[in-house]
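Report on one structure; see the data block that follows.
Throughout, residue positions are numbered sequentially from 1 according to the sequence presented. Counting starts at 1 for both ligands and their atoms, in listed order. Just the heavy atoms: all of them, side chains too, but no hydrogens, waters or symmetry mates, feed the values below.
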Amino acid sequence: MSNFTKTPGWLDWYAGPSKPRFQLPAGAVDAHCHVFGPGDEFPFAPERKYTPCDASKAQLFALRDHLGFARNVIVQATCHGADNRAMVDACQASGGKARGVATVKRSISDEQLQELHDAGVRGVRFNFVKRLVDFTPKDELMEIAGRIAKLGWHVVIYFEAVDLPELWDFFTSLPTTVVVDHMGRPDVSKGVDSEEFALFLKFMREHKNVWSKVSCPERLTISGPKALDGEQNAYQDVVPFARRVVEEFPDRVLWGTDWPHPNLKDHMPDDGLLVDFIPHIAPTAELQRKLLVDNPMRLYWPEEAVQR
Ligand SMILES: O=C(O)c1cc(C(=O)O)oc(=O)c1
């Protein structure tokens, strides 16, 4: 037990997830997941907006093996601020099976960036979700992007769909591959043919360096049903969004569990059933292989990626 007190109402990750019915392709990558602490070993950042339960590297690796993934991409969680030690420790302990995405400040030195690279970091995350982080000036972010571009890294962006118009010019001037978290958080109640989602598709269509994670149906759903109690048709209201992105941009999509699912308020999904969501959004073996193996390997393990 950590000395930190969890945010009231915090939902812990689901213990004892089911075995997915969907068999992941060999070499599948969970390309969006986090570690939290443990708080006593890797304290949460003073500037954090929430205090989570612990979610250790050992627990993450056990989930990876249980679900049938070969590798993880561990994304720095905002509760750790720009202190990347927990994420780096997990990457280093993974025996080459994890790569990382860090959060850095302008003050980071070139030596420190190189250390992150040596630990397996291949990207930085810029977060624009106001409930998660304080504002960072765009000139600072652009300076960081210019520096990490030289290492061959990419930028991961997290924002809400309503904020895309305002952020458009900044995003489209980033010099690297740009990976959008959770499809830019569409409001699924507006429908897949909404102006809002059309703008997101245009963003990807017009900018070939933009990729998307088609993750987090458990976050985006309004009407469910929830991935609990053996449900094989979970989050039907999110399926058309993710499927549209996978089918139009099959070579620029990634998928991740988002374990341990920070800040869910309504329910905590059974991660086995979350994996069973994948064939609903990527219905063919080829789309599944691109989404789960080829694309994440190209971005995070290019030295090992198979050219097809
Ligand atoms: O929507 C969220 O609350 C959320 C938070 C974080 C984080 O705190 O890093 O990461 C995510 O991917 C999603």
Centroid-centroid distance, His154 to Tyr300, less than 6.0 Å: yes

Between His80 and His34, ring centroids under 6.0 Å: no

Side-chain H-bond candidate by donor/acceptor type, Thr221 with Asp237, under 3.5 Å: yes

Identity of the nearest option to atom 3 (O) of ligand 1, non-hydrogen atoms only, from Asn263, Leu220, Val75: Asn263

Run the numbers for me: atoms of ligand 1, each under 4.0 Å from some heavy atom of [X], listed by number.
X: His32; result: 12 (O)
X: Arg185; result: 1 (O)
X: Ala77; result: 9 (O)
X: Tyr50; result: 7 (C), 8 (O)
X: His182; result: 11 (C), 12 (O)
X: Arg131; result: 1 (O), 2 (C), 3 (O)

Considering non-hydrogen atoms of the protein only, which is the closest contact for [atom], and what is the distance?
atom: atom 6 (C) of ligand 1; result: Pro262 CG, 3.7 Å
atom: atom 10 (O) of ligand 1; result: Arg125 NH2, 3.2 Å
atom: atom 5 (C) of ligand 1; result: Leu132 CD1, 3.5 Å

Residue-ligand contact Lys49/ligand 1, heavy atom below 4.0 Å: no

Student check: side-chain heavy atoms of Phe277 and Glu218 closer than 4.5 Å: no

Aromatic plane relationship, Phe171 with Phe128 - under 30° parallel, 30 to 60° tilted, over 60° perpendicular: perpendicular

Aromatic plane relationship, His117 with Trp153 - under 30° parallel, 30 to 60° tilted, over 60° perpendicular: parallel

His80 and ligand 1 - part of the residue with a heavy-atom distance under 4.0 Å: neither

Test of proximity, Asn127 against ligand 1: N or O pairs below 3.5 Å: no

Geometric N/O contact Thr78 with ligand 1, under 3.5 angstrom: yes

Electrostatic pair Lys213:Asp258 at N-O distance under 4.0 angstrom: no

Salt-bridge contact Glu143-Lys105 (side-chain N to carboxylate O under 4.0 Å): no

Val162 backbone acceptor or donor facing Glu160 side chain under 3.5 Å: no

